[in-house]
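Working notes for the structure below.
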Amino acid sequence: MPNRRRTPLSALLFCCVFAHAQTVAFELQTRPSSPIALVSYTPTTIRTEGDRRQFLTVQNQSGKATAALVFQQAIGSGSKTEIVTLERVSILIGPREKKRLSVGVQNVWDRIQAAAKASEPIGRPVLSVVAVEFIDGSSWNVP
């Protein structure tokens with residue numbers, strides 16, 4: 001009898017750990033005119049008190065230092081793209097410098113989970129930089 005009780009408990013524990021460990025696999029999009037390139041990301045998501053965060057590496061390809069970046073998280077499906085959230089991240093990045101940072105992905109995570117529970121298809125999450133603020137007060141925005 002003890003083995004029969006352990007099996008459902010083990011399966012439940014495995015499912016909970018698996019659900020907690022799932023990540024959001026973003027497609028990184030760098031626009032050709034962007035002064036910031038999305039170089040790479042770590043396909044692991046960390047949780048800090050209920051907030052999911054995704055690590056990524058960016059590179060300043062301009063000759064000016066940045067003060068902040070605005071990230072767009074969207075879900076793309078065919079020709080349709082739904083913007084889920086925008087996040088402004090204050091970060092100093094010197095000219096041609098690479099930096100590692102994290103962005104919150106909780107809203108995209110919630111949207112994916114809701115679609116899964118409703119058995120609805122969902123597109124691929126897309127992460128891109130849509131605005132850059134430079135230290136000198138100038139900025140770049142998606143055309």
Side-chain angles (χ1 to χ4, degrees), residues 4-143:
R4 289 184 186 172
R5 287 184 185 164
R6 280 189 228 167
T7 302
L9 182 58
S10 297
L12 178 62
L13 181 61
F14 176 76
C15 290
C16 290
V17 169
F18 179 72
H20 180 72
Q22 288 179 325
T23 62
V24 178
F26 280 97
E27 174 184 323
L28 301 180
Q29 282 187 349
T30 299
R31 291 175 171 77
S33 64
S34 176
I36 298 295
L38 300 176
V39 178
S40 66
Y41 80 101
T42 306
T44 57
T45 305
I46 60 167
R47 286 192 85 129
T48 56
E49 297 185 27
D51 180 31
R52 289 182 174 272
R53 305 211 48 90
Q54 179 72 56
F55 283 113
L56 65 138
T57 302
V58 297
Q59 181 175 19
N60 182 353
Q61 298 178 327
S62 75
K64 300 189 275 185
T66 67
L69 309 175
V70 178
F71 289 91
Q72 174 181 289
Q73 296 171 42
I75 296 179
S77 181
S79 63
K80 181 183 171 189
T81 300
E82 174 191 358
I83 297 172
V84 176
T85 192
L86 296 171
E87 179 181 357
R88 182 181 182 274
V89 176
S90 295
I91 185 165
L92 296 173
I93 308 173
R96 316 281 183 259
E97 184 180 14
K98 286 184 185 178
K99 285 254 178 130
R100 187 170 183 216
L101 54 88
S102 70
V103 294
V105 296
Q106 187 67 47
N107 294 337
V108 171
W109 175 258
D110 291 344
R111 188 71 51 94
I112 291 169
Q113 294 303 305
K117 286 180 184 175
S119 299
E120 296 174 352
I122 191 157
R124 182 160 179 103
V126 179
L127 181 66
S128 60
V129 174
V130 293
V132 179
E133 299 170 18
F134 295 101
I135 288 182
D136 66 6
S138 63
S139 64
W140 171 87
N141 295 299
V142 170

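In this structure, the separation between CD on Q29 and OG on S34 is 11.5 Å, given to the nearest 0.5 Å. Distance check, rounded to the nearest 0.5 Å: CD1 of I91 to OG of S102 gives 9.0 Å. Distance CZ/F55 to CZ/R100: 5.0 Å, rounded to 0.5 Å. Expressed to the nearest 0.5 Å, how far CD1 of I83 lies from CD of Q73 amounts to 11.5 Å. The structure places OG1 of T66 at 13.0 Å from CH2 of W140, a figure rounded to the nearest 0.5 Å. Q106 CD to Q113 CD: the interatomic distance, rounded to the nearest 0.5 Å, is 9.5 Å.
Between A37 and T30, the shortest heavy-atom distance links the atoms CA-CG2, 3.7 Å. In plain terms, the two heavy atoms of P125 and I112 that are nearest each other are CG-CD1, 3.8 Å. Contact detail for A67 and L92: the closest heavy-atom pair is CA-CD2, 4.2 Å. Across G63 and P95, no two heavy atoms sit closer than the pair O-CG, 3.4 Å. The minimum heavy-atom distance between V126 and G76, with the atom names listed, is CG2-N, 4.4 Å.
Judged by the 6.0 Å distance and 45° axis criteria, R88 is not positioned over the aromatic ring of F71.
A side-chain contact (heavy atoms from CB on, under 4.5 Å) with V103 is found for one member of L69, V108, L127 and no other, namely L127. Each of V84, L86, T85 was checked for a side-chain contact (heavy atoms from CB on, under 4.5 Å) with Q72, and the lone residue meeting it is L86.
Panel note: side chain S62, backbone K64; a donor-acceptor pair is recorded below 3.5 Å. No donor-acceptor pair under 3.5 Å is formed between the side chain of N60 and the backbone N or O of R96.
Under the 4.5 Å side-chain criterion, counting only non-hydrogen atoms from C-beta, R111 is in contact with I122. The shortest distance between side-chain heavy atoms of V129 and V70 does not fall below 4.5 Å. Looking at heavy atoms from C-beta onward, N141 lies out of side-chain contact with V130 at the 4.5 angstrom threshold.
Between the side chains of T57 and K99, not a single donor N or O lies within less than 3.5 Å of an accepting N or O.
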Between T81 and I75, is the side chain to side chain contact (heavy atoms under 4.5 Å, CB included) condition met? List the steps. CA-CA 6 Å; T81 300; I75 296 179; over 6 Å; no

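By the 4.0 Å N-to-carboxylate-O rule, R53 lies close enough to E87 to be salt-bridged with it.
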